[in-house]
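Chain naming here is simple, since letters A, B, ... match the order of the sequence lines and numbering starts at 1 in each.
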Protein chains: 2
Amino acid sequence: MPDDELSRTFAALADPTRRAILARLSEGEATVNELAEPFDISLQAISKHLKVLERAGLISRGRDAQWRPCRLETAPLDAVSHWIDRYRERWNDRFDRLEREIRRVHPGKEGLEHG
Amino acid sequence: MPDDELSRTFAALADPTRRAILARLSEGEATVNELAEPFDISLQAISKHLKVLERAGLISRGRDAQWRPCRLETAPLDAVSHWIDRYRERWNDRFDRLEREIRRVHPGKEGLEHG
DNA sequence: ATCGTATTCAACCTTTCGGTTAATCAACGG
DNA sequence: CCGTTGATTAACCGAAAGGTTGAATACGAT
């Protein structure tokens, strides 16, 4: 696992358990035990998942007596969104160029089916 | 690595080499050798990366004589975008509810700083 | 002080990942 | 047919993921 921001985020999201945890947290804060409840794996495994999510910046944790409430942090998701958008932009530019080129070579053609 | 669509996509994106390959492909189709050129790793390693990307549906491959040109496929990226959006929606709903609740309890308060 | 609850740390195991090299397959050009 | 070029497959390796169990830590309650 590489150590850059985006890689950590994607790697953290590449697990259904962790995504389910995030989904739960999108409804509000929760403790480790609460988060673990729906799953068939040990509490320690959940704790590890939380550490992964925390390292990726996708959650942060507070302190309330012996509980460590987790909350969702959306900044890394925004980063992913932006990365994808930047992407789609380039891709569309490429189609635009392609279409212009085709129009140049076949001036009669009016459009191009992308599918 | 779990076997669902989203997990495969995220896992495929969680590697800088693979993201660089996608970036290159966003400029247009390329052969395996062309894709491998910027990297210090073996052609076989690149071939493996391409297989991962293909399994995730992020690229597709054609046939042109002995070359296997790769092209970007954006459907999985769209899926990721939608997943994140659905997410942010829930999260914002939650803030809205929270804000309403706060206004109910402290009718004088006008707003809440999210940062 | 002690007990119980919430959570993490540590050690271990098995599977997967990302890389290597060597061998193989596929298509073209003489 | 033979050699070359492009790409994949196979066998292997070290490191990391994701899980387990068992011990430790951090608090609150009694």
Side-chain angles (χ1 to χ4, degrees), chain A residues 1-22 24-25 28-72 76, chain B residues 1-25 28-72:
Chain A
M1 44 12 201
D3 213 43
D4 65 284
E5 184 76 30
L6 224 36
S7 294
R8 270 197 305 267
T9 305
F10 280 126
L13 295 175
D15 182 292
T17 301
R18 286 194 290 262
R19 289 199 304 277
I21 289 175
L22 293 179
R24 167 65 184 78
L25 287 177
E29 296 191 359
T31 69
V32 180
N33 269 294
E34 285 165 355
L35 290 172
E37 193 270 328
F39 302 102
D40 255 6
I41 62 180
S42 68
L43 204 64
Q44 292 93 322
I46 298 291
S47 192
K48 281 192 190 181
H49 280 306
L50 292 176
K51 199 153 63 178
V52 172
L53 290 170
E54 189 175 27
R55 244 181 71 76
L58 284 160
I59 65 171
S60 63
R61 294 150 118 168
R63 236 313 147 86
D64 179 8
Q66 65 250 235
W67 295 274
R68 266 140 220 116
C70 302
R71 74 158 62 187
L72 188 63
Chain B
M1 48 3 210
D3 212 43
D4 65 284
E5 183 77 30
L6 224 38
S7 294
R8 272 198 303 270
T9 305
F10 280 126
L13 294 175
D15 182 293
T17 302
R18 286 196 288 264
R19 290 199 305 277
I21 289 175
L22 292 179
R24 168 65 184 78
L25 287 176
E29 296 190 1
T31 68
V32 179
N33 269 293
E34 285 166 353
L35 291 171
E37 193 270 327
F39 302 101
D40 256 5
I41 62 179
S42 69
L43 203 63
Q44 291 94 320
I46 297 292
S47 193
K48 281 193 188 180
H49 280 306
L50 292 176
K51 200 151 64 177
V52 172
L53 290 169
E54 189 175 27
R55 244 182 71 76
L58 285 160
I59 66 169
S60 63
R61 292 148 118 172
R63 243 301 152 87
D64 180 7
Q66 66 251 230
W67 295 274
R68 258 130 272 193
C70 301
R71 76 156 65 188
L72 188 63

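With A:Arg71 contributing its side chain and A:Pro69 its backbone, the two residues share no donor-acceptor pair below 3.5 Å. Using modelled atom types, no side-chain atom of B:Asp64 and backbone atom of B:Trp67 make a donor-acceptor pair closer than 3.5 Å. Of the possible polar contacts, one joining the B:Asp4 side chain to the B:Ser7 backbone as a donor-acceptor pair under 3.5 Å is found. Counting only distance, with no hydrogens or angles, the side chain of B:Arg19 and the backbone of B:Leu13 share a donor-acceptor pair below 3.5 Å. In terms of modelled atom types and a separation under 3.5 Å, the side chain of A:Glu34 and the main chain of A:Thr31 share a donor-acceptor contact. Counting only distance, with no hydrogens or angles, the side chain of A:Thr9 and the backbone of A:Glu5 share a donor-acceptor pair below 3.5 Å.
Of the residues in residues 61-68 of chain A, A:Arg61, A:Gln66, A:Trp67, A:Arg68 come within less than 4.0 Å of DNA chain C through at least one heavy atom, sorted by number.
We find that CD1 of B:Ile46 is positioned 16 Å from P of D:dT9, with the value rounded to whole Å. Look at CD on B:Glu54: it is 14 Å from P on D:dA7, rounded to the nearest Å. C:dC17 atom C1' lies 13 Å from atom CZ of B:Arg55, rounded to whole Å. One can place CG of B:Leu35 at 9 Å from P of D:dA7, the figure rounded to the nearest angstrom. One can place CD1 of B:Ile21 at 13 Å from P of D:dA7, the figure rounded to the nearest angstrom.
The side chain of B:Ser47 places an N or O atom within less than 4.0 Å of a non-bridging phosphate oxygen (OP1 or OP2) of D:dT8. In this structure, A:Asn33 reaches the C:dT7 phosphate: one of its side-chain N or O atoms is under 4.0 Å from OP1 or OP2.
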Filtered N/O pairs between nucleotides 17-20 of chain D and protein, under 3.5 Å:
residue : atom : partner : partner atom : Å
D:dG18  : OP1  : A:Arg18 : NH2          : 3.3
D:dG18  : OP2  : A:Arg18 : NH1          : 3.0
D:dG18  : OP2  : A:Arg18 : NH2          : 3.3
D:dG19  : OP2  : A:His49 : NE2          : 2.3
D:dG19  : N7   : A:Lys48 : NZ           : 3.0
D:dG19  : O6   : A:Lys48 : NZ           : 2.4
D:dT20  : OP2  : A:Ser42 : N            : 2.9
D:dT20  : OP2  : A:Ser42 : OG           : 2.8
D:dT20  : O4   : A:Lys48 : NZ           : 3.4

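In terms of the salt bridge (Lys or Arg N to Asp or Glu O under 4.0 Å) criterion, residue partners of B:Asp3 (sequence neighbours excluded) are, by chain and number, B:Arg8, B:Arg55.
Distance check: A:Arg18 CZ to B:Phe10 CZ gives 11.5 Å after rounding to the nearest 0.5 Å.
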